[in-house]
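Lettering follows sequence order; numbering is per chain, from 1. No hydrogens, no waters, no symmetry mates; every other heavy atom, side chains included, goes into these values.
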Amino acid sequence: GENVEQHPSTLSVQEGDSAVIKCTYSDSASNYFPWYKQELGKRPQLIIDIRSNVGEKKDQRIAVTLNKTAKHFSLHITETQPEDSAVYFCAALSTGNQFYFGTGTSLTVIP
Amino acid sequence: EAGVAQSPRYKIIEKRQSVAFWCNPISGHATLYWYQQILGQGPKLLIQFQNNGVVDDSQLPKDRFSAERLKGVDSTLKIQPAKLEDSAVYLCASSLHTEAFFGQGTRLTVV
């Protein structure tokens, strides 16, 4: 099955700085890569996603890049704000339509 | 649009007792997932349904866990008997095409 690895596990940045979270996947047939934000005690919420036929996608301060050859994808958050503090999960959708999640990155934005 | 509904929100049981969780997916979503999220970890897939059929239950501990999705709508996940290591948040998600929508989860504590 698919194996998704995520780094770093914790990340602290100053408000206004950028944050980058990286994930790798093992199954070259995986074709959809969402990123979820989970605040304490709340459900995971989709913040951005990318499909395998696209190399980069941007939505305001959030962007995701995908390198299919290297089988890795990254989340970029620019101009970070305190409300960006949360746990972020990457995921990969396998050919069987199963989502495999990374282990999460706890992001803290310091005011 | 109504989201994925789960109940109960919280449950505390003693080890060796049984417990059941309920999930009502978004109307029209054929795919339903149950995930186990242990504190500090990413969601781990337990079982995936497509309508009322099981697509993947390879990571479901079948000696104690069972799940069903009658009529291809609501689903229940049962644990019998519970162990201390089953303490986690159990998340239900549903999907129409690719994007998965999560419920609030049920936080289970086994003492």
Worksheet item: Within the distance-only criterion (no hydrogens, no angle test), does the side chain of Q48(B) pair as donor or acceptor with the backbone N or O of N97(A) below 3.5 angstrom?
Response: yes

Worksheet entry | Full working for side chain to side chain contact (heavy atoms under 4.5 Å, CB included) between Q6(B) and R43(A) | CA-CA 11 Å; Q6(B) 287 188 248; R43(A) 73 185 78 192; over 6 Å; no

Response to the item:
Looking only at heavy atoms, the pair that brings Y33(B) and L93(A) closest together is OH-CD1, 4.4 Å

Worksheet entry | Segment of Q50(B) engaging chain A (4.5 angstrom heavy-atom cut-off) | neither

Discussion item. Which one wins on heavy-atom pair count under 4.5 Å against chain A: R107(B), K44(B), E99(B), Q41(B)?
Written reply: E99(B)

Worksheet item: If two hydrophobic side chains count as joined below 4.5 Å and joins carry through other members, does V4(B) share a cluster with Y90(B)?
Response: no

Worksheet item: Is the NZ atom of K71(B) crowded by more than 12 outside heavy atoms at less than 6.0 Å?
Response: no

Worksheet, complete the sentence: The reported gap from CG in D56(B) to CD in Q98(A) (rounded to nearest 0.5 angstrom) is 4.5 Å

Worksheet item: Applying the 4.5 Å side-chain criterion to the ILVMFWY set and letting contacts propagate, would V89(B) and V87(A) be lumped into a single cluster?
Response: yes

Worksheet item: Looking at CZ of F33(A) and OG1 of T98(B), how far apart are the two atoms once the value is rounded to the nearest 0.5 Å?
Response: 12.0 Å

Worksheet item: Crowded around Q60(A) CD? As in, over 12 foreign heavy atoms under 6.0 Å?
Response: no

Practice prompt. Decide whether F73(A) and Y88(A) are clustered together by the hydrophobic rule: side chain heavy atoms of Ile, Leu, Val, Met, Phe, Trp, Tyr closer than 4.5 Å, transitively.
Written response: yes

Discussion item. Under 4.5 Å between side-chain heavy atoms, counting indirect links through other Ile/Leu/Val/Met/Phe/Trp/Tyr residues: same cluster for I26(B) and V73(B) or not?
Written reply: no

Practice prompt. Determine, using ring centers only, whether F101(A) and Y35(B) are less than 6.0 Å apart.
Written response: yes

Discussion item. Using 0.5 Å steps for rounding, measure from the CZ atom of F101(B) to the CG atom of L46(A).
Written reply: 7.5 Å

Discussion item. Does any backbone or side-chain atom of F89(A) lie under 4.5 Å from a heavy atom of chain B? Answer side chain, backbone, both or neither.
Written reply: side chain

Worksheet item: Checking heavy atoms, do the side chain of P34(A), its backbone, both or neither come under 4.5 Å from chain B?
Response: neither

Worksheet entry | Contacting moiety of Q38(A), where chain B heavy atoms sit under 4.5 Å | side chain

Discussion item. Tell me whether F99(A) shares a hydrophobic cluster with F49(B), the cluster being built from Ile, Leu, Val, Met, Phe, Trp, Tyr side chains joined at under 4.5 Å.
Written reply: no

Worksheet item: Where is the tightest heavy-atom contact between V55(B) and G96(A), given as atom of each residue plus distance?
Response: CG1-O, 4.1 Å

Discussion item. Check this for me: I12(B), atom CD1, are more than 12 non-hydrogen atoms of other residues, nucleotides or ligands nearer than 6.0 Å?
Written reply: no

Worksheet entry | L84(B), CG: over 12 other non-hydrogen atoms inside 6.0 angstrom | yes

Response to the item:
OH (Y100(A)) and CD (Q59(B)) are apart, to the nearest 0.5 Å, by 6.0 Å

